[in-house]
Amino acid sequence: MRIPQSRGPVSAALLELLKTSPTAAETDLATTLRELTARALGETADILQDDDLQTALFLAYELRYSGLRGVDDDWEWHPEVLALCAGIELEFEKALRERAPMPELPAPGVESVAAALFELTGSDTGPSVSRYMAKKATDEQAHEFLILRSIYQLKEADPHSWAIPRLRSRAKAALVEIQADEYGGGRFDRMHSELFARTMRGVGLDATNGHYVDVVPAITLASSNMMTMFGSHRRLRGAIAGHLAAFEMTSSQPNRLYGNGFRRLGYDKDVTFYFDEHVEADAVHEQIAARDLAGSLATDEPELLEDVFFGAASGLFVDGLAGTQQLDAWTAGTSALRVADTASLPA
Amino acid sequence: MTEPDEQPAQRWDDQWADQPAAGADEPVSITAYPNGPLLVRGTFEILTPSGEVIPPRRKTVALCRCGVSTLKPFCDGSHKAIGFKTEQEPPAPQPPLSA
């Protein structure tokens, strides 16, 4: 991915460090980064909305996905980068555990866990970006919607795939069954990330991974970072399973409305296919995710029960915050995107 | 150059005799998900009333059981909106009818 802009001292110091060679890391740059990170973590008013810290974590995590253009791939596992991630993750996870509203935990069992997840996701009173998209969104807002979504959707399914080797037994098989479908059953042109790229190109947007990172707010980066954090820590495998379940369980009907919105704005199947496909796909996935993935995992490893619901609740909470922000901006007649620093944008 | 193995590769057709892998003779499985759709796995065809094949889009499909899907015969998640409920447990096997 093209290197995104820094949004404050920590992300700026990280980018300075990443420009150097990991085999001869400049100790003063590393020391500066550590000091600035510690200070920022101590001073942040809200880590979920902190542009600088979420950008720094997003940059460090991107080394695990497509990499950063011009940055040595060896930085991915460099102790300084891992220390930065660990510092931010500690406070990020703490904030989610404190703030994401947890339901009453059911007994560990396939039926009880699935029923409680359907209850939790069914009573989600989050803002309805989907209803707004279906009925009211302007063409410009529909473009903003795709730009905001692109941060995750262009690598759709990847954060949850980290969990495959971390699960065993029925839960692993269930995750593979879902992910295989996410990846188009092994057909490139049917991969969901590729379908999303087709939708973006269909409305005239650039579908290059990370093209719009600089204009999305911190909460959008936080939503993506949360998935990577849950997926890439074995300790949090319950949370990534719960996150996927909640995500799938709140997807079918909203996608029908998104598709209707784009049809209302005059777009054809090339643009709406992604959403129409998700109505059908996620109606399958939510059943498998709730019972066979989350339910089986909580039954086989009851100590993960709480984290299954932590992951589900966190997903609903963070995406609810992002949706509220988006709708507040739109109903106030303003943009839901942030203004990038145009001076440092690449030509 | 590596020496070819002395033993040819073996392929055991009886390994999944009770649960054959994907193939023409694979039995289709249909799982009733509580308060939700029927999930169908295996090799199957879904036909319209006039006998035309509905092209499958995925290996595992969910068939509508509540009657209100807008994508019938497939599930679109609508059952949740109408509070569709199925029985808690599958019915116990019925005793054979005595003459």
Side-chain angles (χ1 to χ4, degrees), chain A residues 109-124 130 173-174 176-187 189-192 195 248-257 259-260 273-293 295, chain B residues 15-16 18-23 26 28-48 53-92:
Chain A
V110 172
E111 299 300 333
S112 52
V113 168
L117 282 169
F118 276 112
E119 170 86 27
L120 174 69
T121 52
S123 60
D124 181 32
S130 56
V176 170
E177 189 178 28
I178 295 168
Q179 297 301 86
D181 201 39
E182 292 282 345
Y183 292 120
R187 291 179 57 164
D189 58 343
R190 292 187 186 181
M191 295 199 305
H192 287 179
L195 296 180
E248 300 286 359
M249 294 163 90
T250 50
S251 180
S252 272
Q253 287 305 310
N255 272 291
R256 186 164 69 88
L257 297 174
N260 290 343
F273 183 73
Y274 171 87
F275 303 107
D276 300 334
E277 156 69 7
H278 277 73
V279 178
E280 185 183 321
D282 294 349
V284 179
H285 298 174
E286 70 174 354
Q287 299 297 332
I288 302 170
R291 295 176 54 83
D292 306 318
L293 171 60
Chain B
Q15 280 301 286
W16 287 279
D18 57 332
Q19 203 184 324
E26 179 186 9
V28 173
S29 82
I30 301 178
T31 311
Y33 279 64
N35 308 326
L38 303 170
L39 263 63
V40 188
R41 299 175 172 93
T43 306
F44 53 85
E45 276 186 339
I46 299 177
L47 307 177
T48 64
V53 174
I54 301 172
R57 291 234 206 105
R58 63 200 71 259
K59 272 180 77 85
T60 303
V61 303
L63 297 180
C64 174
R65 188 151 65 127
C66 73
V68 300
S69 171
T70 56
L71 267 186
K72 285 194 282 285
F74 303 107
C75 170
D76 71 352
S78 290
H79 55 270
K80 292 183 289 183
I82 61 159
F84 176 67
K85 294 274 180 265
T86 54
E87 298 82 12
Q88 289 287 3
E89 296 288 333

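Throughout, protein chains are lettered first and strands after them, A, B, ... in sequence-line order, and every chain is numbered starting at 1.
The parts of A:E277 that come within reach of chain B are both its backbone and its side chain, each placing non-hydrogen atoms under 4.5 angstrom from that chain. Only the side chain of A:E286 comes within less than 4.5 Å of a heavy atom of chain B; its backbone N, CA, C and O stay farther away.
Considering all non-hydrogen atoms of both residues, B:R65 and B:F84 come closest at O-CZ, 3.5 Å.
Legend: residues meeting side chain to side chain contact (heavy atoms under 4.5 Å, CB included) with A:Q253, ordered by chain and number and at least two apart, are A:R256, B:D76, B:S78. Among residues two or more places apart in sequence or in another chain, the side chain to side chain donor-acceptor pair (under 3.5 Å) test is passed with A:N255 by A:S251.
In this pair, A:Y274 and A:H192 present their aromatic rings perpendicular. The plane angle is above 60°, beyond the 30 to 60° band.
In terms of heavy-atom pairs under 4.5 angstrom with chain B, the leader among A:A281, A:A115, A:A114 is A:A281.
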